[in-house]
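Each ligand, and each atom within it, is numbered from 1 in the order the structure gives. Residues take their numbers from the sequence shown, with the count starting at 1.
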Amino acid sequence: MEGRMTRRMLIAGNWKMNGLRQSLVFMEEIRDVANSRADLDILVAPPATLIERAARIAGPVKIAGQDCHTEQSGAHTGDISADMLKDAGASHVILGHSERRADHNEHSAMVRAKALSALSAGLIPVICVGESEAERRAGTAELVVGQQLADSLPDRSGYVIAYEPVWAIGTGLTASLDDIAAMHGFIRSKVPGGSDVQLLYGGSVKPENASGILSIGDVDGALVGGASLEAASFAAIIEAAPIRFAS
Ligand code: 13P
């Protein structure tokens, strides 16, 4: 059996800094979709203020934080630890998203420290990597992503990787299917135990392009931003995921 057949698909929605209490009706709709697609995992990363409420009504939908601190507690005003996310009901945490790398100067060594903290709290880190437009144009995309992997990944297993080319995030541009396949193959070749690691693509995933992207053998799911804010479009992306094996 090919390695990929042992990896479950994971469709994840990253709400970023969006969502108030009323947005949680979304969870009820997605819970119904999740009940009909037990062959795959569905993950929602609401803002931290909604994690506990979302987790209470999530059913089979898993909940993620969008960041955590490197420490589990202490004098770090405004920060949230992996222990706290776990306590609130999260199972995953997104780390090293390009928006955090840009807005908060997060570098890969910090991402690795956060990933270790997440793993020790019992959370699954979803570690994001991806090149900028200039880096892709210069032909250095693999070099950049390879370095991010080398510096960001913890020396322990149990993480998910999301390849999110920065130029495709929120722009409506997506990498071509060939480029996604090539980069995912490259990432898998660079990661210890790569054939077992869940590897997501992110960057303007929409109902219209989801089926093509999710049919690539090395793509194990999607990390969806804008299209995860509406239940109808997120559900359509989930439905576009191929059934790899019966649950
Ligand atoms: P968009 O789907 O809005 O491009 O965002 C992708 C993303 O950053 C998910 O983490």
Review point. Should we say atom NZ of K190 is surrounded by more than 12 heavy atoms from elsewhere, each under 6.0 Å from it?
Key: no
Are any of the N/O atoms on [X], whether in the backbone or the side chain, positioned under 3.5 angstrom from an N/O atom of ligand 1?
| X | result |
| --- | --- |
| V224 | no |
| E164 | yes |
| T171 | no |
| G225 | yes |
| N14 | yes |

Check ion pair D155-R112 (N to O, under 4.0 angstrom) = no
Check your understanding: Would you call R188-D220 a salt bridge at under 4.0 Å N-O?
Key -> yes
With heavy atoms and a 4.0 Å threshold, my read on which part of A162 contacts ligand 1 is neither
Give a yes/no verdict on whether any heavy atom in [X] is under 4.0 Å from an atom of ligand 1.
| X | answer |
| --- | --- |
| K16 | yes |
| G172 | no |
| G202 | no |

Find out if a path of hydrophobic residues (ILVMFWY) with successive side-chain heavy-atom gaps under 4.5 Å connects V197 to V145.
yes
If hydrophobic clusters are built by linking Ile, Leu, Val, Met, Phe, Trp and Tyr wherever their side-chain heavy atoms come under 4.5 Å apart, do I238 and Y201 end up in the same one? yes
Among non-hydrogen protein atoms, atom 3 (O) of ligand 1 lies closest to G226 N, 2.8 Å
Min over A227, A222, S204 of heavy-atom distance to atom 1 (P) of ligand 1 lands on S204
**Q.** Test log, rule side chain to side chain contact (heavy atoms under 4.5 Å, CB included), inputs V166 and R101
**A.** CA-CA 11 Å; V166 178; R101 290 179 188 259; over 6 Å; no
**Side chains of S132 and E135, donor plus acceptor under 3.5 Å** = yes
